[in-house]
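Working notes, beginning with the structure itself.
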Amino acid sequence: MNDSPERRGARYVLYWAQMNRRADSNHSLEFAVSHANRLKLPVLVYEAVTCTYPFASDRFHTFLLAGVPETARRLRERGIGYVFYLRKRRSDANDIPYRLAAESALVVTDDYPVFIPAAHNASVPAKIGVPYFAVDSSCIVPMRSFEKKEYAAYTIRPKIHRVLGEFLRPVEQVVAKHAWNGPPPGIHLEVTKEAIPDLVASCEIDHSVRPSMAFTGGRLAAEARLRAFLGRDLARYGADKNDPGAHATSNLSPWLHFGHISPLEVALAAKARGPAPEFLEELIVRRELAFNHALWAPRADELSAIPGWALDTLYKHAGDRREHVYSLEQFEAAQTHDPLWNACQHELLMTGKIHGYYRMYWGKKIIEWSSDPESALAVMIHLNDKYALDGRDPNTYTNILWCFGLHDRPWGEREVFGMVRFMSFDGMKRKTSVDSYLREISFMRMTGTLPPGVEKH
DNA sequence: ATCGGCTCGCGCAA
DNA sequence: TGCGCGAAGCCGAT
């Protein structure tokens, strides 16, 4: 991403793991190892957690830190160096990548279309002084192989399937020929599972957003969740995926978001169990449509990216009378008149995730009960960025804008929504087990534990 | 329980 | 230029 020459006399090749925080199934890491072998150097992996991004909280920090011990262990086994930096306070150093790059032949990092990595990858290459490579290890078919903003799933689907055979192959692990010897750089923090609560407490972040009740970060938890999904739920995924009460979905999105597991290895593992077209449709086609949106939209989280018919019809109805209008504070506290909506919000507050189908309902109702489309979007992004473990991700921004008509088509005109698809409580009642979902959520609220039959990973 | 209409526009066939 | 059909639906008629 720049024209800088490789540094002579460097000590290592640096891989800055911004999004793909894992030692396995990681094209970025293998690319770094290949270059290190060519240069007869070891690889150093740099991973950081900072307190400075909006809504940094105990929830995200706990999840991220939980992944560190296993990443460290697996890299050590491969002879790859690892430095983990916890920026606890705003006053702590924020120039670590530059300091590490000063002794590196070149820098490899993750290509990612939103959030902090997008900003880094736009500004750092010009200032870093060595070659800077951003590798796409987030998508199975690289996101930049599609040359325009796709209109909907049906336009990207055939393009993905045409080349999928070429990309749906395991990442080949490259043996690191020159092992990292000696201690990590001085800024390194050794993380143990037991130390995580105290480390999180010592950070300058929002301590009021508690760790997830349902999800533990890290490679081991992700692999356990994947095994449970494949063994028990994949076979009925197609039939039950839209019924939250059926617990048929993978729930892998938090680990996918933080890169603790790769979509490629998940897809290969699912395929190895037999045909899984519905799951692969969600995991590959719709997920990568979301990356396409994030890559090509001027901003992934603004209404300007929705199609013209949707923007026109929403604004035509912006002045329509609303039966209920709630403030951000009322939404956040789950204080609407609708028990299903409130339960969805409580699930988000407690676990950091809402089932995909109910998340659509959750979003549609925020549009219905906000004074105008812009403030509805602001509420959704605030709640999602603050509480969702899979938030600040191309997927969640796309899921949110889908509620406003992105990647969708027009339907019969009605109040508030215009021609944008409407969803109703009666529809949820008819198609999903609302009652058992409501019982599960109130059990969680009463006991502070997951309902019987739902395991924590 | 099932079906058609609602309404726009992309992409392919002709 | 015509035509089929599409990210998760709703509603009223039958």
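Protein chains get the first letters and strands the later ones, always in sequence-line order, with residue 1 at the start of each.
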For [X] and [N], what is the distance between atoms [atom1] and [atom2] respectively, to the nearest whole Å?
X: A:Ile156; N: C:dG6; atom1: CD1; atom2: C1'; result: 15 Å
X: A:Lys431; N: C:dC11; atom1: NZ; atom2: P; result: 10 Å
X: A:Met423; N: C:dA7; atom1: CE; atom2: C1'; result: 10 Å

Using a 4.0 Å heavy-atom cut-off across all strands, classify [X] as base, sugar-phosphate, or nothing.
X: A:Trp402; result: base
X: A:Asp408; result: sugar-phosphate
X: A:Lys241; result: nothing
X: A:Tyr357; result: base
X: A:Thr313; result: nothing
X: A:Arg430; result: sugar-phosphate
X: A:Arg359; result: nothing

Does the ring pair (Phe, Tyr, Trp, His ring centres under 6.0 Å) test come out yes or no for A:His324 and A:Trp341, once each step is laid out? CA-CA 13 Å; A:His324 307 274; A:Trp341 194 93; over 10 Å; no
Do the numbers put A:Arg22 on top of the ring of A:Phe258, so that NZ or CZ is under 6.0 Å from the six-membered ring centre and no more than 45° off the axis?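 Verdict for A:Phe258: no cation-pi partner in A:Arg22.
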Cation-pi check for A:Phe422 against A:Arg414: NZ or CZ below 6.0 Å from the six-membered ring centre and within 45 degrees of the axis, yes or no?
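The answer is yes, since A:Arg414 meets both limits relative to A:Phe422.
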Task: Which residue lies more 5' along DNA chain B, comparing A:Tyr154 with A:Gly412 via nearest heavy atoms - done: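 Its nearest nucleotide being more 5', the pick is A:Gly412.
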Starting at the 5' end of DNA chain B and moving along, which residue's nearest nucleotide shows up first, A:Pro158 or A:Tyr151?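 Nearest nucleotide further toward 5': that of A:Tyr151.
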*Strand partner of B:dG11, provided both Watson-Crick or wobble distances fall under 3.5 Å*: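 Checking every strand shown, B:dG11 finds its partner in C:dC3, with both distances under 3.5 Å.
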Measuring only the [atom1] atom in each nucleotide, how far is [N] from [M]? A whole number of Å is fine.
N: B:dT2; M: C:dA7; atom1: P; result: 23 Å
N: B:dT7; M: C:dC11; atom1: C1'; result: 15 Å
N: C:dC10; M: B:dG9; atom1: P; result: 23 Å

